[in-house]
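Atom set for the values below is all heavy atoms of this structure, side chains included, hydrogens, waters and symmetry mates excluded.
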Amino acid sequence: MAERQPTDSRQVQIADAALQVIAEEGLGGFTTAAIGKLVGLTSGSLFRHFPSKQAIVRAAIARADELLFAAFPPQGGNPLDRLGAFFRQRVRLVAKNPGIARVVFSEQLAQAAGDKGRTAVGAIKQRSLEFIRECVTQAADEGLLVEGLDVEAVVTLVSGAALAIVFTEAPTGRELPGEERAERVWSTLQALLGKRVDLASRPRGEPRGRERRAAR
């Protein structure tokens, strides 16, 4: 017999189990029986903690949000440093919790969560994109990026690279841990996007990106 636990604790366990089932079985295998098996509860007992299966899906979305933004936003360093920390943290987290990616990027699952669930998923995506956009814009303003790069194009490149690592398997025979792949991809992005100058050696008073553009 499963040990009785406080409702809040059980709800978190059920949400975590839901993420695991979604990752391993997809929406087709997302059943109360599969979730209950992971937490040691019967299907009927699950509904003592949630009023419906839709509520469990919403709890999984809320749990994904909590995990994704647990240490957000990254602090310290310049905008590219913060963006790199964000990139690596996201890839590492999703690699360990693949159900998060399925929750956030599955249209079927979002529909199963109802209007509130779809809104919550949209907010997760928007918050992440806004942080990337903020870092890229600040980096451009501070003269850290190669001149002439389009901010929105860079946002798409960075977010797309993270998704590619999460959803694309490494070529056979060249398997790398998700964290190492993230480090290599980010290093490549930074080399392509970042201006190859030592900002510390820039003459005092030399205008930064925004100031140069305003002076033109």
### Query
Sequence neighbours excluded, which residues qualify as side chain to side chain donor-acceptor pair (under 3.5 Å) partners of Arg63?
Asp16, Glu66
### Task
Check whether any side-chain heavy atom of Leu41 lies under 4.5 Å from a side-chain heavy atom of Phe47, and answer yes or no.
no
### Message
Here's a test for you: under side-chain hydrogen bond (donor to acceptor under 3.5 Å, both in side chains), which of Glu134, Gln75, Gln138 qualifies with Arg82?
### Response
Gln138
### Message
With a 4.5 Å cut-off on side-chain heavy atoms, are Leu193 and Leu157 touching?
### Response
yes
### Task
Mind checking side chain to side chain contact (heavy atoms under 4.5 Å, CB included) for Ala33 and listing every partner two or more places apart, or none if nothing turns up?
Thr31, Ser43
### Message
Going by the rule side chain to side chain contact (heavy atoms under 4.5 Å, CB included), which residues pair with Gln54 if we only count those two or more places apart in sequence or in a different chain?
### Response
Ser52, Arg58
#### Entry: Lys96, NZ: over 12 other non-hydrogen atoms inside 6.0 angstrom
no
### Message
Do Ile61 and Val104 have side chains that approach each other closer than 4.5 Å (heavy atoms only, starting at C-beta)?
### Response
no
### Message
Could you go through Leu189 and Phe87, starting from their C-alpha distance and side-chain angles, then the distance that decides it, and tell me whether this counts as side-chain contact (heavy atoms from CB on, under 4.5 Å)?
### Response
CA-CA 11 Å; Leu189 284 173; Phe87 185 92; 4.2 Å; yes
### Query
Are Gln13 and Arg10 close enough that a side-chain donor and a side-chain acceptor fall under 3.5 Å?
yes
### Summary
For Ala139, the side chain to side chain contact (heavy atoms under 4.5 Å, CB included) test, sequence neighbours excluded, returns Pro79, Leu80, Leu144, Leu145
### Summary
Residues passing the ring pair (Phe, Tyr, Trp, His ring centres under 6.0 Å) test with Phe69, sequence neighbours excluded, are Phe72
### Query
At what distance, to the nearest 0.5 angstrom, does CD of Gln190 lie from CG of Leu192?
10.5 Å
### Query
According to the salt bridge (Lys or Arg N to Asp or Glu O under 4.0 Å) rule, which pairs have a member within residues 151-166, sequence neighbours left out?
Arg133-Glu152
### Heavy-atom side-chain contact between Val91 and Trp186 under 4.5 Å
no
